[in-house]
2 protein chains.
Amino acid sequence: MEKNLAEITGQKAASHPKVDRRRAPETAERILDAAEMLFSWRGFYGVSLREIAAEANVKLALTHYHFGSKENLFSAVIDRRAADHAARIERALEQAMAVTGARRERREAILSALIATIVDRAMRGGPGWKNYVRLLAFVANHPQEEEYVSPFRTHYDHVIHDFVDALSALHPEMAALDVQWGFFFFQAATTHILVESGMLDRQSGGALLSSDLDALVDRMVPFFAAGFMGLGAGD
Amino acid sequence: MEKNLAEITGQKAASHPKVDRRRAPETAERILDAAEMLFSWRGFYGVSLREIAAEANVKLALTHYHFGSKENLFSAVIDRRAADHAARIERALEQAMAVTGARRERREAILSALIATIVDRAMRGGPGWKNYVRLLAFVANHPQEEEYVSPFRTHYDHVIHDFVDALSALHPEMAALDVQWGFFFFQAATTHILVESGMLDRQSGGALLSSDLDALVDRMVPFFAAGFMGLGAGD
DNA sequence: GTCTATAATGGGATAGAC
DNA sequence: GTCTATCCCATTATAGAC
């Protein structure tokens with residue numbers, strides 16, 4: 001069961017020049033890159049520090065020197081990007097709330113602020129970001145009882161709260177709980193899709209690709225914006 | 001292979017036949033129950049056979065005696081319920097396709113055939129079913145590259161295909177790919193929600209409960225039925 | 001900071017008595 | 001079918017040389 005993941009997925013951790021000029025600062029980064037990639041595919045339990053060290057071309061002991069423990073390394077992977085990522089999403093939400101026009105369009109702008117910002121990082125932020133986004137979605141799909149999800153919560157809980165507030169302000173005619181339901185459905189689909197489980201590819205026979213995230217956004221935003229009307233949103 | 005030890009040793013035979021027949025099936029069932037529960041929370045890698053044996057009040061060696069290997073045990077957990085479960089969903093779909101009325105209602109009936117049937121098993125099938133449904137959703141959220149997802153695919157891929165067909169037949173005015181997108185969104189939200197990640201509870205401050213799946217169905221079906229109108233479905 | 005070596009533990013799997 | 005005992009290997013983590 002433990003096959004070489006790089007061969008299967010054709011993926012590598014974020015690449016760095018082979019020739020090391022300054023090893024010291026780069027080593028920790030390489031370990032983070034490797035951990036980010038491997039954790040994003042198999043989760044916390046499915047990856048060993050040995051695999052991470054090998055993927056990073058680093059000796060095993062260095063993972064402990066730089067990060068102390070496996071759990072610490074996992075947290076470090078998230079902490080490297082989470083604050084910046086959450087801030088980007090918050091900024092996009094602010095811009096979306098400044099949009100004027102029909103409420104349907106304003107609703108779409110809000111939803112797009114979340115999914116399009118995430119997709120932008122995954123598609124145009126470099127290979128590390130793609131892995132990070134997958135990891136983010138992966139963790140979001142796990143029970144909150146797991147300890148390793150807590151770093152994720154501290155960074156993103158308030159973001160989600162702000163989105164619900166924005167939608168509630170846009171739709172005073174809706175019951176507050178219905179707004180929460182609707183956004184939860186949107187968020188649920190988002191996190192499922194971004195793990196790239198490959199289901200979409202298989203079910204469509206390749207006509208729809210999980211990797212084509214831009215096409216995803218174009219379908220997802222109008223679909224979910226319309227969904228709110230099923231819960232009583234006036235158009 | 002599995003000879004009766006009493007015959008070989010010449011000891012008395014018929015002393016415990018009833019006890020053996022009662023115990024034999026029960027042990028394997030207890031192991032399956034424990035594995036089902038633990039796998040559903042922490043996944044394949046996050047659980048050890050020792051934990052499973054302890055949870056089942058059984059010695060470690062018995063897990064190997066009854067199931068051979070860890071992978072085999074995982075498959076056995078799925079095989080115990082998957083065929084019955086898939087058949088229930090298929091039957092519900094057939095009944096939904098017999099519904100007459102407005103297309104919106106027929107669309108809701110189809111979506112409900114999936115989610116309500118799953119929720120029915122989770123809520124009213126007993127504790128084992130609740131764990132199975134969580135495991136089902138858990139695995140659906142994992143990359144298809146993982147080998148342990150294949151037993152799920154063989155049991156459920158055709159079910160999903162039939163749902164897409166039913167929706168496509170209902171909406172000839174929609175592009176076939178858009179129907180696939182819409183159902184994929186629905187399925188994505190379904191699998192995310194059923195892992196009971198606890199997000200909903202946290203975000204709503206307890207006003208919405210992940211465990212209240214019946215309330216979920218009441219919101220989810222109209223929401224996603226309306227979503228299709230965002231992709232060009234005539235009402 | 002990086003290396004080799006090793007401790008200490010837990011993992012899956014098996015043998016053989018009963 | 002169930003038990004005890006054990007093998008063998010992978011795991012996380014640490015010690016100490018350089």
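Proteins get letters first, then strands, A, B, ... in listed order; numbering begins at 1 in each.
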Legend entry - Set of residues satisfying ring pair (Phe, Tyr, Trp, His ring centres under 6.0 Å) with respect to Phe185(B), sequence neighbours excluded: Phe223(A), Phe224(A), Trp181(B)
Inset, instruction - Assign Leu49(A) to base, sugar-phosphate, or nothing according to its heavy-atom contacts below 4.0 angstrom with the strands shown. - result: sugar-phosphate
Legend entry - Residue from Leu194(A), Leu38(A), Val77(A) passing side chain to side chain contact (heavy atoms under 4.5 Å, CB included) with Leu135(A): Val77(A)
Inset, instruction - Go through His85(A) and Tyr132(A) one step at a time and tell me if the ring-ring contact (aromatic ring centres under 6.0 Å, His included) criterion holds. - result: CA-CA 10 Å; His85(A) 193 222; Tyr132(A) 173 78; 5.7 Å; yes
Legend entry - Interatomic distance where CD belongs to Glu51(A) and P belongs to dT11(D) [whole Å]: 6 Å
Inset, instruction - Write down the distance between OH (Tyr65(A)) and P (dT2(C)), rounded to a whole number of angstrom. - result: 8 Å
Inset, instruction - Over 60° means perpendicular and under 30° means parallel, so classify the ring planes of Phe39(A) and Phe44(A), tilted if in between. - result: parallel
Legend entry - Below 4.0 Å: OP1/OP2 of dA15(C) and any side-chain N or O of His64(B): no
Inset, instruction - Pull out every residue in residues 32-42 of chain B that has a heavy atom closer than 4.0 Å to any atom of DNA chain C, ordered by number, or say none. - result: none
Legend entry - dG12(C) OP1/OP2 closer than 4.0 Å to side-chain N/O of Lys70(B): yes
Inset, instruction - Return the value, rounded to whole Å, for the distance between atom CD of Glu26(A) and atom P of dG1(C). - result: 13 Å
Inset, instruction - Verify the contact: side-chain N or O of Thr27(A) to OP1 or OP2 of dG1(C), cut-off strictly under 4.0 Å; return yes or no. - result: no
Inset, instruction - When you get a sec, tell me which of dC3(C), dT12(D), dA15(C) is the closest nucleotide to the side chain of Lys59(A)? - result: dC3(C)
Legend entry - Heavy atoms from other residues, nucleotides or ligands near NE2 of His158(B) exceed 12 (cutoff 6.0 Å): yes
Would you mind writing out the side-chain donor-acceptor pairs for residues 49-61 of chain B within the sub-3.5 Å range, not counting sequence neighbours?
{"unit_1": "Glu51(B)", "atom_1": "OE1", "unit_2": "Arg42(B)", "atom_2": "NH2", "d": "3.3"}
{"unit_1": "Glu51(B)", "atom_1": "OE1", "unit_2": "Ser48(B)", "atom_2": "N", "d": "3.0"}
{"unit_1": "Glu51(B)", "atom_1": "OE1", "unit_2": "Ser48(B)", "atom_2": "OG", "d": "3.4"}
{"unit_1": "Glu51(B)", "atom_1": "OE2", "unit_2": "Arg42(B)", "atom_2": "NH2", "d": "2.2"}

Legend entry - Protein-nucleotide distance (Asn72(B), atom CG; dG12(C), atom P), rounded to Å: 14 Å
Legend entry - Atom pair distance, as rounded to whole Å: CG in Leu62(A) and P in dG16(D): 18 Å
Inset, instruction - Determine the contact category for Thr63(A): base if any of its heavy atoms lies under 4.0 Å from a base atom, sugar-phosphate if only primed atoms, P, OP1 or OP2 are that close, otherwise nothing. - result: nothing
Inset, instruction - Just compare dA15(D), dG12(C), dA13(C) and give me whichever is closest to any side-chain atom of Ser48(B). - result: dG12(C)
Legend entry - Nearest-Å distance for atom pair CG/P, residues Leu73(A) and dT12(D): 10 Å
Inset, instruction - Could you tell me whether the side chain of Arg50(B) has a donor or acceptor atom within less than 3.5 Å of a complementary atom in the base of dG12(C)? - result: yes
Inset, instruction - With Phe74(B) as reference, evaluate Phe67(B), Tyr148(B), Tyr45(B) under the ring pair (Phe, Tyr, Trp, His ring centres under 6.0 Å) test and give the passing residue. - result: Tyr148(B)
Legend entry - Interatomic distance, Glu71(A) CD vs dT11(D) C1' [rounded to whole Å]: 15 Å
Inset, instruction - Just compare dA13(C), dA13(D), dT4(C) and give me whichever is closest to any side-chain atom of Ser69(A). - result: dA13(D)
Legend entry - Interatomic distance where CD1 belongs to Ile31(A) and C1' belongs to dC3(C) [whole Å]: 13 Å
